[in-house]
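See below for the structure under consideration.
Positions are given from 1 along the sequence. In listed order, ligands and their atoms are each counted from 1. In this text the structure is predicted, and so the values were computed from the model without any measurement.
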Amino acid sequence: MTNPDSSNDRIDALIEKLTLQEKIDLVHGDHDPAELATGYLPGNDRVGVPSLSLVDGPMGVRAVTATAFPASIALAAAWDSDLAREQGEALGTEVLGADQDVLLAPGFNIIRAPQCGRSFEYYSEDPHLSSRLAVGTIESVQSAGAMATAKHYVANNQEHQRHAVSAEVDERTLREIYLPAFEAAVKEADVASVMASYNRINGTYATEHERLLTDVLKDEWGFDGFVVSDWWATTDAVGAARGGLDLDMPGVPVHEWQENESRIHRAIGALPDAAPKDKLAALAAKPWLPDGANPNLFEGSVFEDPLREAVKGGKVPETALDEKIARTLSQMERFGMFDDEQPEGSVNDPAHETVARRVAERGTVLLQNDGVLPLDEEPASIAVIGPNADKAKIGGGGSSEVDPTDAISPLDGIRERTDGETTVSFERGVERIEDPHDEDEGPFGLPVPDAIDDALSGDDEGPSIDAAARVAESADVAVVVVQDNASESEDRSLWLPNEQDQLVAAVADAAEKTVVVARTAGPVRMPWAGDVDAIVETWYPGQEDGHVTASVLFGDVDPSGRLPVTFARRTDHYPASTEGQYPGIELEAEYSEGVFVGYRHFDAEDIEPLFPFGHGLSYTDFEYDDVTVEAGDGPEATVEVTVENVGDRDGHEVVQAYLGQDDPSVERPPKELAAFESVELAAGESKTVTLEIEERDFAYYDTEESAWTVEDGDYTVSVGRSSRDIVDTDTVSVEDLTVVE
Ligand code: BGC
């Protein structure tokens, strides 16, 4: 049963010395005496096992004041795995700098329903793009010396009822859409750990899913790291132990975990042991406790007493316990933890701030532009409008929150960037949106009511759309900064909160020129899109928000992002749009759209999106030469295209190659992303881009054969600037591997 790759003589010798109780102590978390780690596995001094500290992820290190990087979806929008490597290297260094060992990231669940509250923590609706970014991030976090965690395995595509919902998904869809990035994380990036998600898949909890954890992940893909549970996700000791879970986290009831994060937990934790702490904690949690949350939130780990009894009673073999420990310890050894060989790391490194800024700039998507952008060097007046335009949008709510080393708002970024001659006015327009990163804490850590805050800032009349329209009317340009407020544990509306849509409409009506800067977790409805001059999507840009917004608006950098998700014109245009599909009925979400997720659905149904997958404008213009496609030795092809920057500014172009089978015997999407490359081109420069399309891109997953299968026949290669802006196509015939014009 023991996977030979996951153990070695040194680790085996250590395990042999452990008593049963000591083994049990190495498969579940406990309280971190330093109160820093998100999850903590105590070491064993007697036999010489060091402790292991795990920390969130993915947009910065949770434990300490750290660099708040842009949201993962912003990184994805740069379509650049080298950039992912730069950020991963910085992140990994911060993990070590904070005295932690494992980063609980990256997360790359497919953005199936854009309402998913954690879409900002994920990459894309597309498995190929997700895979490339996952591999880049994992390899670089790990080469910096920290372990990475691929999460959340798997089909954790919504926050609504995430603790109980079952993703009802067929095998082919799992293989083609939801599993590929995890497969790449294991096979290509050799990820140290994988986190089993909260949800069920076809009725079985991810933490107990023997087929997915043991058969697919460990046996088929050869994963030799450890599977860690999502926090309080495990419900059944025997099921999880036999299913393939290796480490149960956090191992302590919520009121004993990270007491510094909550006054109420601290108070309950400090009560005498005789007090009914679990009942009190459950009571205190009532207001936020999600429906169907696992009961062990208030209890110790199921990998503690219940697992020990199960081993004693023969329900779980002790060798299974040994294997779990071997998996964790061998990763600790691989990362130098037994030999004091972990690199130093650093958290407060200005170089990381520069990376955060570059990633946010590169991930900014210019959705629409009638020529108003970039702004003139010195417009006489700019009206900055928006409920939170005076606050940086650091990130979304939940476990990914970071306490930033610094932060700059769009308003301050624009003020700093202008030369003093420009009048920059500010109006909130509508009520401020509560933000998880608000620092406006009053006495006893309570939030400052908006009215008091407004009074303090001199805005004693409160925000009004009319006042915003008035300043917009008298300025040369109005910049409206809108945002949503997505958070883990709940899904989000696709409509902007707090009458921001009315605000944009009123400003667009009054102003000569209107630019909207959208800071959102993913796609939102934009009913005013046709009425404004430009739309810039900066996602959640992180601590460098204001610098990024200003440098993009003023054209200091080219906004080179491309959409990693489709923006639809209507909510019911998205693929999972019936109640049965999303959010599901009676805790079952039917993935009946199958492989037709994201643009695959819009293409197959011929629905015109508002902004298609892969879309993004630039301040310069690119021209493509004819595309040439050369067939390889097997079902593979090499695409070559020369791209020229014909404008007068430097920029990045993202060349995208899609593949579609012309006459498949099974239903297949019209086209699927097979390869892409982001190229930097100075004004006037041209480069030849080579893209490799691999065998797996031609294949579909044949469930009868349980194998990836390439059918003979013609395949169309489409090369373009987005999934809907195809510049040239070519045909590859798989029978004789020739290119047919
Ligand atoms: C989240 C994980 C996170 C963990 C620890 C869970 O609620 O789903 O992504 O790593 O908490 O904070």
* To do: For ligand 1, list the protein residues that place a heavy atom within a distance below 4.0 Å of one of its atoms, sorted by chain and number.
  => Thr38, Asp56, Arg62, Leu104, Arg118, Lys151, His152, Arg162, Met195, Tyr198, Asp230, Trp231, Ser399, Glu488
Distance-only donor-acceptor hits, side chain of residues 300-307, under 3.5 Å, sequence neighbours excluded:
residue	atom	partner	partner atom	Å
Ser301	OG	Asp248	OD2	2.6
Ser301	OG	Phe303	N	2.8
Asp305	OD1	Arg308	NH2	2.8

* Using the test ring-ring contact (aromatic ring centres under 6.0 Å, His included), find all partners of His209 that sit at least two apart in sequence or belong to another chain. => none
* Glu220 and its salt bridge (Lys or Arg N to Asp or Glu O under 4.0 Å) partner, picked from Arg211, Lys187, Arg175 -> Arg175
* cation_pi(Lys218, Phe223) dist<6.0 Å, angle<=45 -> no
* To do: Provide the full list of salt bridge (charged side-chain N to carboxylate O under 4.0 Å, His left out) pairs with a residue in residues 194-210, sequence neighbours left out, each pair given once.
  => none
* Asked: Within a strict 4.5 Å, meaning less than it, do heavy atoms of the Ser400 and Met59 side chains meet?
  -> yes
